[in-house]
*Asks:* 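My structure is below; once you've seen it, I'll send some questions.
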Amino acid sequence: MVDLQSQYAKIKDVVDPSIAEVMESAAFINGPKVHQFQKNLEDYLGVRNVIPCANGTDALQIAMMGLGLQPGDEVITADFTFAATVEVIALLQLTPVLVDVNPVTFNIDVAAIEKAITPKTKAIVPVHLFGLPAEMDAIMELAKAHNLYVIEDNAQAIGASYTHSDGSKTKAGTIGHVASTSFFPSKNLGCYGDGGAIFTNDDDLAHKIRGIVNHGMYERYHHDVVGVNSRLDSIQAAVLDAKLPHLDSYNTARRNTARKYNEAFKDHPNIVTPTGLEHGDSSDDHVFHQYTLNLKGVDRDALVAHLQSKNIPCGVYYPIPLHRQKAYMDERYNESDFPVTNALIQSVISLPMHTELDDEQIECITSTVLNFIQTNK
Ligand SMILES: Cc1ncc(COP(=O)(O)O)c(C=O)c1O
């Protein structure tokens, strides 16, 4: 699904010296590279504060801790996402409230959020799924009306911009009260191990979070709040700082691939291609962490098996909705609350998507998919 070796080969000449600098300085924890990357990412995103941490799951947890959410507080998030989002809600003894998603964008459904709000609701966590920002204008409006926090899970959409209803654009992850991201190697901006960060324009919240990531310390050996140990190590920061200048071109490469896939599958009666390319070639509305088709009247699992038999990687994100995962089942949920998610888990398939795909590979992938559908009607 990804080709990190070819990507590394192209940037080796900047990544290796950046790592070597850390090795030579021996500043492995909280070294200058971490600070440098943090500042560069703040500038890139146009956000006041980036707080690096160990991974995207920690970033979500720390954001919730920073907001002071308390056991029993309800947090609304999407049923159709990676488990990390709901995991940290449950871990903090908050109450996860899973809601359905939009069938076109696959992102959290705003009407379903509104329906799920109760007096106990304290926060909404929109996940910018597969690289496309959720409907942030409507979500922020709803949050304002009900006095709720918005925590953007930006693990899959770094570099994407959200287009507001007035046409202006803001980087995903800088719109809500706080946001989290992951630098897992396969992410659009990935390091060579684990990494993550929290973003916020709220300086007080940022101060609080900087203490939380460091054992709740604001002054050495003074532990004012319960914290965690969650650090982005300097070697990973060195990798990320070397890769950050390439992020826009990486995302452009992903969009170009998505456009070629869309073209090959255009107007096919059995294939719904992803939305997000409507605003033209230079638009960064969707950064295609995944390229996900929604199949109609096709045996998805048979297609997966067929692609695998041809050594073409593919993925099903996500095969089981969170409300049906053993850890998160709850009698509050009814299957009828999740018609879209329940359909998507059976019909979606993600095709290879990364910065190194060439036309020959794209042609091979698309023709294999199309031939399978043609011969299995
Ligand atoms: C939507 C989403 N949230 C959170 C995470 C967690 O990130 P990490 O693996 O860095 O903990 C991921 C990672 O896959 C993700 O896709």
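Ligands are counted one by one from 1 in listed order, and the atoms in each one are counted from 1 as well. All residue numbers refer to positions in the sequence shown, counting from 1.
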*Asks:* Taking only heavy atoms of G56, which atoms of ligand 1 are found under 4.0 Å from at least one of them?
*Replies:*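 Once the distances to G56 are compared, the set is 6 (C), 7 (O), 8 (P), 10 (O), 11 (O).
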*Asks:* What atoms of ligand 1 come within less than 4.0 Å of a heavy atom belonging to T57?
*Replies:*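 Near T57, meaning under 4.0 Å from one of its heavy atoms, ligand 1 has 6 (C), 7 (O), 8 (P), 11 (O).
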*Asks:* On a heavy-atom basis, which atom in I345 and which in P319 lie closest, and how many Å separate them?
*Replies:*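 Heavy-atom minimum between the residues: CB-O, 3.6 Å.
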*Asks:* Nearest to atom 16 (O) of ligand 1, what protein heavy atom do you find, and at what distance?
*Replies:*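 Of every protein heavy atom, Q156 NE2, 2.9 Å lies nearest to atom 16 (O) of ligand 1.
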*Asks:* So, is S182 polar-close to ligand 1, with some N/O to N/O distance under 3.5 Å?
*Replies:*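 N/O-N/O distance below 3.5 Å exists for this pair.
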*Asks:* Taking the ring of F130 and the ring of H289, is the distance between their centroids below 6.0 Å?
*Replies:*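 Ring-ring flag for H289/F130: false, centres at least 6.0 Å apart.
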*Asks:* Which ligand 1 atoms does K187 reach within 4.0 Å, using its non-hydrogen atoms?
*Replies:*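 By the 4.0 Å cutoff, the relevant atoms are 12 (C), 13 (C), 14 (O), 16 (O).
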*Asks:* List ligand 1 atoms under 4.0 Å from V127, heavy atoms only on the residue side.
*Replies:*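 Selected atoms, number and element: 1 (C).
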*Asks:* If you take the nearest heavy atom of each of G190, A84, A155, which one is closest to atom 15 (C) of ligand 1?
*Replies:*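 Ranked by closest heavy atom to atom 15 (C) of ligand 1, first place is A155.
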*Asks:* Below 3.5 angstrom, do we get any N/O pair linking Y318 and ligand 1?
*Replies:*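 Y318 vs ligand 1: no N/O contact under 3.5 Å.
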*Asks:* Apply side chain to side chain donor-acceptor pair (under 3.5 Å) to S25 and list each qualifying residue two or more places apart in sequence or on a separate chain.
*Replies:*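 Expected list: none.
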*Asks:* May I ask you to check whether H207 and Y218 place their ring centres under 6.0 Å from each other?
*Replies:*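 Ring centres of H207 and Y218 closer than 6.0 Å.
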*Asks:* Should D73 and K120 be marked as a salt bridge (charged side-chain N to carboxylate O under 4.0 Å, His left out) after you check the CA-CA gap, both sets of side-chain angles, and the distance that decides it?
*Replies:* CA-CA 6 Å; D73 287 350; K120 287 188 177 173; over 6 Å; no
*Asks:* Nearest protein heavy-atom contact for atom 12 (C) of ligand 1: which residue, which atom, what distance?
*Replies:*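 Nearest protein contact, heavy atoms only, for atom 12 (C) of ligand 1 is F82 CD2, 3.6 Å.
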*Asks:* Can you say whether the rings of H164 and Y162 are parallel (under 30°), tilted (30 to 60°) or perpendicular (over 60°)?
*Replies:*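 Perpendicular: the ring planes of H164 and Y162 meet at over 60°.
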*Asks:* Could you label the plane-to-plane angle of the H215 and H223 rings as parallel, tilted or perpendicular, counting under 30° as parallel and over 60° as perpendicular?
*Replies:*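 Rings of H215 and H223: perpendicular, over 60°.
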*Asks:* Heavy atom under 4.0 Å from ligand 1: found in N55's side chain, backbone, both, or neither?
*Replies:*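 Both of them.
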*Asks:* Could you tell me the residue and atom name of the protein heavy atom closest to atom 3 (N) of ligand 1, and the distance to it rounded to 0.1 Å?
*Replies:*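 The closest one turns out to be D153 OD2, 2.7 Å.
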